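These notes are about the structure you will find just below.
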Amino acid sequence: MPPQQPAEPSAEPAETPFLDLLATGAPAEDFERAVLRARAAGASAERLAALEHAKLLALRVRTELEGRRRREAELSALYETAHDLAGLRDLDAVLRAIVQRARSLLGTETAYMTLNDPVEGDTYMRVTDGSVSARFQQLRLGMGEGLGGLVAQTARPYVTDSYFDDPRFQHTRAIDTGVRDEGLVAILGVPLKLGNGVIGVLFAADRRVRVFDHAEIALLSAHAAHAAVAIDTANLLAETRKAMTELEAANEIIRDRSGVIERASDIHDRLAELVLRGGGVQDVTAAVAEVLDGTVEFADADRVPAEALERCSRADGHAVRDGDDWVAAVRSGSEVLGALVLRGHPRLDPVDQRTLERAAMVTSLLLLARRTAGEAEQRVRGELLDDLLEAPDRDPRLLRERAARVAADLDVPHVVLAARMEDAAGEGPSGAGLAGSGPVPADGAARPGGPGGSTGPEGAGATGRQRLWSAASHLAATRQGLAAARDAGVVLLLPLGRDDDPGEAARRAARQLGAAVQAPVTVGASAPVPAPAAEPAAVAAAYAQARRCREALRVLGRAGQGAAAEDFGFLGLLLADGRDVDGFVRRTLGEVADYDARRGTDLLRTLHAYFDSGMSPARTKDALHVHVNTVAQRLDRIGRLLGPDWQSPSRALEIQLALRLHLLASALGE
């Protein structure tokens with residue numbers, strides 16, 4: 001018998017070694033080693049066949065497991081990407097993250113994104129990662145041009161393993177030059193879709209030949225789907241933030257406007273109430289100051305900068321800014337009654353500006369209402385002054401009673417002012433100049449002109465006289481005086497304080513009346529009238545003197561000014577009724593005479609000799625029998641007493657006249 005072969009040990013199942021390899025995740029070559037070891041050990045053909053079959057099954061299972069693990073990793077990366085994208089809010093950050101994750105998911109050398117431009121009708125490069133070419137980063141692709149243009153047009157993925165050798169795409173020089181500069185060969189492009197529309201294309205590319213399989217195309221397409229949603233979300237968030245910002249700004253404006261409108265409504269109600277209950281200007285300024293949270297005051301026209309009032313006039317009555325203040329003119333037609341001034345508000349809301357302007361209108365209404373009520377009183381004042389001028393035989397007791405009804409006291413000293421408004425040529429309102437002034441009647445009074453008795457032509461002259469009379473009446477009422485329209489001008493009878501000066505009263509009246517009528521006003525003043533009620537005839541004489549002073553101002557080219565007789569030097573002797581020679585001498589030489597009296601000097605005699613010698617110091621020293629230096633010293637002292645202009649022609653004439661009157665008075669006294 002042949003020798004018996006040793007029996008094979010009881011073999012383990014053929015699948016066992018391969019299951020261990022699957023469990024440990026061994027590489028594919030380890031599966032082949034299990035078959036080789038069995039063959040080397042002399043395994044039977046049946047055993048080897050079973051192992052080979054088990055190996056093939058195990059490799060198939062391994063491939064499936066690897067695919068699933070890869071898909072799991074891809075899905076995990078995709079979900080992680082989606083999570084990261086969902087957390088981003090800035091659009092630029094979202095776009096950069098999409099491109100970076102696309103490059104990471106597919107392991108390519110570069111990734112980039114183009115977005116569609118609905119205005120231009122093409123697609124343009126928006127974000128790149130791994131790009132090195134500036135030309136490539138600035139590419140624009142027409143719809144259908146290149147791989148990207150085709151993806152954007154068809155909304156389908158396209159892939160090429162060698163771009164320049166692929167005839168499916170419409171190659172253009174600009175696109176091919178950019179792709180060649182970047183060195184790209186294999187390109188995969190998938191659409192970024194929102195609904196049925198394409199907003200752009202997402203690319204993954206390598207600078208070598210590469211075949212993108214279906215799994216990679218599906219992965220990038222899924223990433224693009226998430227990316228499109230993230231882009232849309234970022235756009236919506238950006239639009240929402242912009243809308244919220246605009247809404248907040250609008251709400252702030254609405255709140256601010258609401259507060260301004262509430263303030264405007266409040267001041268409207270308060271001003272209406274003031275008008276109904278007969279409030280005054282101070283009530284208006286207090287109400288506006290409280291609403292506008294500032295200091296508001298009413299200022300007369302002469303206290304407001306003329307330039308600001310002029311700009312108010314050009315602005316058709318609107319308030320204008322004057323430094324840190326706002327000025328709203330208070331006017332009646334062309335007559336400026338004053339202005340409301342808001343202090344310390346360099347920035348004023350337009351609605352608050354309208355509030356100030358409305359308050360100025362209410363102020364003008366109140367002033368006009370007060371003026372209308374006061375015009376009746378002013379007519380009474382005018383009639384009383386007319387009686388003083390025209391009927392000197394009136395009963396003083398009746399005059400006092402009538403004066404008391406308008407709060408005037410005719411038993412105190414008064415000054416009579418004669419005022420006339422000038423035109424641009426320095427003439428009177430009728431354009432007649434001095435020729436139109438006419439002679440002064442013997443009684444010093446003329447028939448009244450102006451309201452109720454205008455003797456001049458109608459038109460601009462009459463309108464000017466009306467404005468002047470209104471302004472003069474207002475001035476008389478505020479000073480507890482009287483005013484009347486006469487001789488194409490006005491006459492005022494104003495109380496004169498103990499220390500008041502008629503000339504200063506005339507100058508002040510010229511300024512105030514001129515500012516009120518916005519035209520030059522010439523004012524002449526009389527000497528003080530001690531008690532008009534006790535001696536009514538003195539009022540007519542004083543008016544004649546005031547008119548002479550007024551006309552003298554105009555003749556001397558000083559129209560628009562105010563003066564009394566004493567302001568004209570020796571001419572005042574001709575203008576004044578009393579011929580106050582002693583007063584003239586005293587005003588002219590009083591300082592020198594007082595010095596002689598105090599020091600025992602002989603300055604007046606030196607003055608006589610100096611003028612008698614033709615103002616020659618040499619001849620003066622001969623006449624006085626003194627040294628020329630003594631004459632020089634005395635003349636220097638005289639200059640310090642009389643002022644530096646004492647030798648000017650006009651002053652020298654006055655001084656010589658005063659010297660001769662002084663000598664005459666001394667001779668008569670002896």
Side-chain angles (χ1 to χ4, degrees), residues 81 91-194 197-225 227-228 230-231 234-235:
T81 298
L91 178 61
D92 289 336
V94 169
L95 297 179
R96 287 194 299 271
I98 290 171
V99 172
Q100 291 169 356
R101 285 303 178 94
R103 182 183 179 191
S104 174
L105 286 173
L106 271 68
T108 56
E109 293 176 288
T110 183
Y112 52 96
M113 176 192 297
T114 60
L115 294 179
N116 291 358
D117 188 340
V119 176
E120 298 294 334
D122 61 3
T123 181
Y124 64 96
M125 193 71 70
R126 181 65 172 81
V127 183
T128 64
D129 187 54
S131 172
V132 296
S133 169
R135 186 196 303 269
F136 180 76
Q137 295 165 10
Q138 298 173 5
L139 276 180
R140 294 189 76 96
L141 296 75
M143 291 298 180
E145 295 178 354
L147 184 148
L150 191 59
V151 173
Q153 185 181 51
T154 63
R156 296 174 55 191
Y158 277 85
V159 62
T160 179
D161 56 357
S162 180
Y163 176 80
F164 292 102
D165 298 327
D166 198 327
R168 294 176 299 163
F169 314 123
Q170 178 183 343
H171 292 268
T172 66
R173 175 175 297 180
I175 298 174
D176 287 357
T177 301
V179 173
R180 187 173 288 109
D181 283 356
E182 191 62 47
L184 300 182
V185 177
I187 304 174
L188 167 61
V190 296
L192 294 166
K193 294 193 294 185
L194 278 176
V198 177
I199 63 171
V201 180
L202 180 61
F203 298 88
D206 269 336
R207 297 183 176 90
R208 55 185 173 78
V209 175
R210 170 177 173 172
V211 177
F212 292 96
D213 58 28
H214 292 292
E216 291 173 320
I217 296 173
L219 178 61
L220 190 60
S221 296
H223 178 54
I231 292 172
N235 280 327

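Remember, predicted model here, so these are calculated numbers, not experimental data. Every heavy atom of this structure was used, including side-chain atoms; hydrogens, water molecules and symmetry mates were not. For this chain, numbers begin at 1 and follow the sequence in order.
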_Closest heavy-atom pair and its distance - Asn116, Gly200_ =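 Nearest pair, atom of Asn116 first, then Gly200: OD1-CA, 3.9 Å.
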With a 4.5 Å heavy-atom cut-off, do [X] and [Y] have their side chains touching?
{"X": "Thr110", "Y": "Phe136", "value": "no"}
{"X": "Glu182", "Y": "Val132", "value": "yes"}
{"X": "Val185", "Y": "Arg208", "value": "no"}

*May I ask you to check whether over 12 heavy atoms, not counting those of Arg173, lie within 6.0 Å of atom CZ?*
no
Rounded to the nearest 0.5 Å, how far apart are [atom1] of [X] and [atom2] of [Y]?
{"X": "Ile187", "Y": "Leu147", "atom1": "CD1", "atom2": "CG", "answer": "6.0 Å"}
{"X": "His214", "Y": "Ser221", "atom1": "NE2", "atom2": "OG", "answer": "12.0 Å"}
{"X": "Leu141", "Y": "Thr172", "atom1": "CG", "atom2": "OG1", "answer": "7.0 Å"}

*Could you walk me through whether Gln153 and Glu145 pass the side chain to side chain contact (heavy atoms under 4.5 Å, CB included) test, one step at a time?*
CA-CA 9 Å; Gln153 185 181 51; Glu145 295 178 354; over 6 Å; no
*Any chance you could lay out the side chain to side chain contact (heavy atoms under 4.5 Å, CB included) test for Ile98 and His223, step after step, and finish with the verdict?*
CA-CA 8 Å; Ile98 290 171; His223 178 54; 3.9 Å; yes
_Set out, in order, the CA-CA distance, both residues' side-chain angles and the distance that settles side chain to side chain contact (heavy atoms under 4.5 Å, CB included) for Met143 and Asp122, then state yes or no._
CA-CA 5 Å; Met143 291 298 180; Asp122 61 3; 5.6 Å; no
_Donor-acceptor pair, distance only, cut-off 3.5 Å: does the side chain of Thr160 make one with the backbone of Ala186?_
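Not a single qualifying donor-acceptor pair exists.
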*Mutual orientation of the aromatic rings belonging to Tyr163 and Phe169 [parallel < 30°, tilted 30-60°, perpendicular > 60°]*: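 The arrangement is parallel - the two ring planes meet at less than 30°.
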*Could you walk me through whether Arg126 and Asp92 pass salt bridge (charged side-chain N to carboxylate O under 4.0 Å, His left out), step by step?*
CA-CA 10 Å; Arg126 181 65 172 81; Asp92 289 336; 2.6 Å; yes
*With Phe203, the side-chain contact (heavy atoms from CB on, under 4.5 Å) member among Thr114, Thr128, Leu220, Leu184*: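 The side-chain contact (heavy atoms from CB on, under 4.5 Å) with Phe203 is passed solely by Thr114 among Thr114, Thr128, Leu220, Leu184.
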*Run the side chain to side chain contact (heavy atoms under 4.5 Å, CB included) check on Tyr112 and Leu139 step by step: do they pass?*
CA-CA 11 Å; Tyr112 52 96; Leu139 276 180; over 6 Å; no
_Sidechain N-carboxylate O distance under 4.0 Å for Arg210, Glu109_ =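 So Arg210 does not pair with Glu109 through a salt bridge.
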